[in-house]
Amino acid sequence: MKKTILTLLSITLITLGGLVQAKPITLKFSHVVAENTPKGQMAIKFKQLVDERLKDKVTVEVFPNSQLFGDNKVLEALLLGDVQLAAPSLSKFKKYTKKLQLFDLPFLFNDMTAAEKFQQSPQGHALLKTVENKGLTGLGYLHNGMKQISASKPLHTPEDAKGLKFRIMSSDVLAKQFEALDATPLKKPFSEVFTLLQTKAIDGQENTWSNIRSKKFYEVQPYITASNHGLLDYMVVSSAEFWNGLPDDIRSELKKALDEAIAFGNQIAAEKAMNDKQAIIDSKRTTVIELSPEERQQWVDAMKPVWKDFEGIIGKDMLDAAIKANQP
Ligand code: SIN
């Protein structure tokens with residue numbers, strides 16, 4: 001009798017055990033921009049794809065607008081396991097690799113086609129791996145676009161920027177770029193830029209049309225110079241511990257979804273660069289300054305000498321490969 005009761009009990013437990021579902025993997029994706037930006041849309045798309053394809057196995061939670069972590073903290077948070085996915089700007093990896101400084105060099109890429117061509121080249125792929133020995137896994141590049149310079153006064157030539165204070169991302173190349181104009185660069189988190197501009201604690205900043213529009217910088221900056229002088233793109237990253245610890249089938253499904261979401265984000269980036277510029281012009285809250293070829297050349301001449309300070313760290317081969325991507 002005792003034996004029968006024990007057997008029944010173990011059968012019940014086994015049956016119940018079969019019914020208990022494995023807990024889904026939670027993947028927190030933290031970023032600093034608004035939802036209506038290339039990165040914001042890419043994150044939402046990724047969540048949708050994972051919801052459809054890995055329902056009950058993986059849950060994606062997206063935290064935009066620096067809700068969870070600002071850009072100076074998110075990579076540490078990844079390594080601590082507090083978030084599992086992030087896509088900081090390529091300018092924000094200085095603590096993890098100096099090689100990505102390449103992407104900050106002023107007037108390196110003529111346009112987004114060249115940036116894409118280089119990122120998809122063997123050298124571009126090699127740069128994704130430069131964060132590996134710091135415990136990060138680079139999963140792909142995502143575009144935002146070319147940067148413009150906004151300011152409290154009209155900037156037609158580099159001379160006009162002299163003495164002004166500009167907020168920059170945490171990049172030494174960007175610091176040197178503004179120092180080359182005899183301006184003062186200030187490394188500040190993205191979440192503080194609007195207030196710094198509004199309170200006139202700084203005179204200007206550099207950013208893409210989509211960030212200038214979505215964060216309303218154009219409402220507190222009377223002038224924007226359409227300089228297209230540099231690139232603002234992202235690296236989508238996870239921690240090696242999390243990414244390599246995933247079951248193989250889940251990791252490959254997630255990578256597939258990520259690649260599709262990145263392609264979607266890149267398409268949005270191309271559309272937004274044009275639409276957001278026009279919307280800013282139409283708002284009449286600011287004046288967009290178009291440079292003549294002669295004026296533009298003056299910016300190139302003032303900023304480009306910065307390259308020589310970083311060539312040794314970045315590597316001549318890498319630099320040459322990036323320059324070559326400008327060829328049709
Ligand atoms: C971002 O696009 O993620 C932020 C860019 C910035 O810090 O200016």
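We use all heavy atoms of the structure for the numbers below, so side chains are in, but hydrogens, waters and symmetry mates are not. Note that the coordinates shown come from a computational prediction; the quantities given were computed from them, not determined experimentally. One-based numbering, in listed order, for ligands and for the atoms of each. Index from 1, following the sequence.
Ranking the protein heavy atoms by distance from atom 2 (O) of ligand 1 puts Tyr234 OH, 2.5 Å first. The nearest protein atom to atom 5 (C) of ligand 1, hydrogens excluded, is given as Asn211 ND2, 3.7 Å; this is a heavy-atom distance. When only non-hydrogen protein atoms are considered, atom 6 (C) of ligand 1 lies nearest to Phe190 CD1, 3.3 Å.
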Stepwise salt bridge (charged side-chain N to carboxylate O under 4.0 Å, His left out) check, Asp320 with Lys316: CA-CA 6 Å; Asp320 287 345; Lys316 177 119 178 48; 3.1 Å; yes
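Set against the non-hydrogen atoms of Lys39, the atoms of ligand 1 under 4.0 Å away are 1 (C), 3 (O). Counting the atoms of ligand 1 from 1 in the order shown, those under 4.0 Å from a heavy atom of Val32 are 1 (C), 3 (O), 4 (C). Less than 4.0 angstrom separates some heavy atom of Met169 from each of these atoms of ligand 1: 5 (C), 6 (C), 7 (O), 8 (O). Close approach of ligand 1 to Lys92 (heavy-atom distance below 4.0 Å) involves ligand atoms 4 (C), 5 (C), 6 (C), 7 (O). Here is the list of ligand 1 atoms found below 4.0 Å of a heavy atom in Val33: 1 (C), 2 (O), 3 (O).
Checked against Glu260 for a salt bridge (Lys or Arg N to Asp or Glu O under 4.0 Å), the options Arg53, Lys255, Lys45 give a single hit: Arg53. When Leu85, Leu75, Val74 are each tested for a side chain to side chain contact (heavy atoms under 4.5 Å, CB included) with Val237, only one passes: Leu75. Screening Val236, Leu128, Ile262, Asn266 against Tyr141 for a side chain to side chain contact (heavy atoms under 4.5 Å, CB included) leaves a single residue, Leu128.
There is no path of hydrophobic side-chain contacts, each under 4.5 Å, that joins Phe103 to Leu142.
Looking only at distances, a side-chain donor or acceptor of Thr225 sits under 3.5 Å from a matching main-chain atom of Leu155. Within the 3.5 Å criterion, the main-chain N or O of Ile202 finds no donor-acceptor partner in the side chain of Arg167.
When the heavy-atom distances from atom 8 (O) of ligand 1 to Glu206, Arg167, Gln205 are ranked, the shortest goes to Arg167.
Heavy atoms of Val193 found under 4.0 angstrom from ligand 1: none, in either backbone or side chain.
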